[in-house]
Amino acid sequence: MAFIYAKTAAGRREIEDRGLRLVPGLRAVLLLVDGQRDERELLQMAQGMRAPEDVLAQLASLELIEAVSGSAEVKPAVPVTMQLGDDPLRYQQLRDWMAESVRKHLGLKGYLIQLKIERSKTAVGLEQLWPELATALGKAKSPAFATRWLEETRALVLA
């Protein structure tokens, strides 16, 4: 089992006040750390966010996150959307949810993300856009809103 990370009190403060002025890649990954995702899943999500390869180590060195459980053994990460399989209705539902979120909360600022959603042909491809969309929602609305959106999106897939 891989390490599972959670935000420290300093990490939660950083989300609220942006005192350290983290680069966007580090901040985006910090938003994703929730005490539920393991190291492998966080690193996989970080790939599309221009985050450095050692993003978790950097956040840990700043004392913004800490390992709360797990061990150094890493199991392969399976995207949440893999369970959707080839179900076109569930794929369309996820795609519509993401497109509506962009339209409703980002407007023209989300144009490039909207294009990526439209180009994505699989649910796994859509899932790879979650971190980028959550980061944009965090900037446009609030970090708490972005976290809530990610939770609702995950629940939609798991339902």
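Bear in mind the structure is a predicted one, so any value in this text is a computation, not a measurement. Only heavy atoms go into these numbers, but all of them, side chains included; no hydrogens, no water, no symmetry mates.
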### Message
Quick test of your reading: applying side-chain hydrogen bond (donor to acceptor under 3.5 Å, both in side chains), list the pairs with at least one residue in residues 137-152, sequence neighbours left out, ordered by first then second residue.
### Response
Ser101-Trp149
### Query
Could you state the interatomic distance from CD1 (Ile4) to CD (Glu39), rounded to the nearest 0.5 Å?
10.5 Å
### Query
Taking the side chain from Thr8 and the backbone from Glu63, do they hold a donor-acceptor pair closer than 3.5 Å?
yes
#### Entry: Rounded distance (nearest 0.5 Å) linking atom CD1 of Ile117 with atom CZ of Arg119
11.5 Å
### Task
Kindly compute the distance separating CD (Gln128) from CG (Leu133), expressed to the nearest 0.5 Å.
14.0 Å
### Message
Which heavy atom of Glu118 sits nearest to which heavy atom of Lys121, and what is that distance?
### Response
O-NZ, 3.9 Å
### Message
Counting only heavy atoms from other residues, nucleotides and ligands, does the tally under 6.0 Å from CZ of Phe145 exceed 12?
### Response
yes
#### Entry: Side chains of Leu30 and Ile15 in contact at under 4.5 Å (non-hydrogen atoms)
yes
### Task
Sorted by first residue and then second, give each salt bridge (charged side-chain N to carboxylate O under 4.0 Å, His left out) pair with at least one member in residues 94-117; sequence neighbours left out.
Glu100-Arg103, Lys116-Glu132
### Glu66 side chain to Ala6 backbone, donor-acceptor under 3.5 Å
no
#### Entry: Any side-chain heavy-atom pair of Leu64 and Val33 under 4.5 Å
no
### Task
Among Val29, Ile65, Val23, find the one that has a side chain to side chain contact (heavy atoms under 4.5 Å, CB included) with Val55.
Val29
### Query
Between atom CG of Leu42 and atom CZ of Arg40, what is the distance when rounded to the nearest 0.5 Å?
12.5 Å
### Query
Under a single-linkage definition using a 4.5 Å side-chain heavy-atom cutoff for Ile, Leu, Val, Met, Phe, Trp and Tyr, are Leu32 and Leu156 assigned to the same hydrophobic cluster?
yes
#### Entry: Close side-chain approach of Leu26 and Pro52, heavy atoms under 4.5 Å
yes
### Query
So which heavy atom on Lys7 is nearest to which on Leu31, and how close?
NZ-O, 3.6 Å
### Heavy-atom side-chain contact between Leu94 and Trp130 under 4.5 Å
yes
### Message
Testing the basics here: between Val102 and Gly110, what is the closest heavy-atom pair and its distance to 0.1 Å?
### Response
CG1-O, 3.4 Å
### Task
Quick one: pull up CD in Glu14 and CG in Leu22 and give me the separation to the nearest 0.5 Å.
4.5 Å
### Task
Report yes if some heavy atom in the side chain of Gln36 is under 4.5 Å from a heavy atom in the side chain of Glu41; otherwise report no.
no
### Query
Between Leu137 and Leu150, is any pair of side-chain heavy atoms under 4.5 Å apart?
no
### Message
Can you give me the closest heavy-atom contact between Ser120 and Gly125, atom names plus distance?
### Response
OG-C, 3.1 Å
### Query
Roughly how far apart are Asp34 CG and Tyr5 OH, rounded to 0.5 Å?
14.0 Å
### Query
Is there a donor-acceptor pair closer than 3.5 Å between any side-chain N or O of Arg90 and the backbone N or O of Val157?
yes
### Query
Does the side chain of Thr135 reach to within under 4.5 Å of the side chain of Pro24, using non-hydrogen atoms?
no
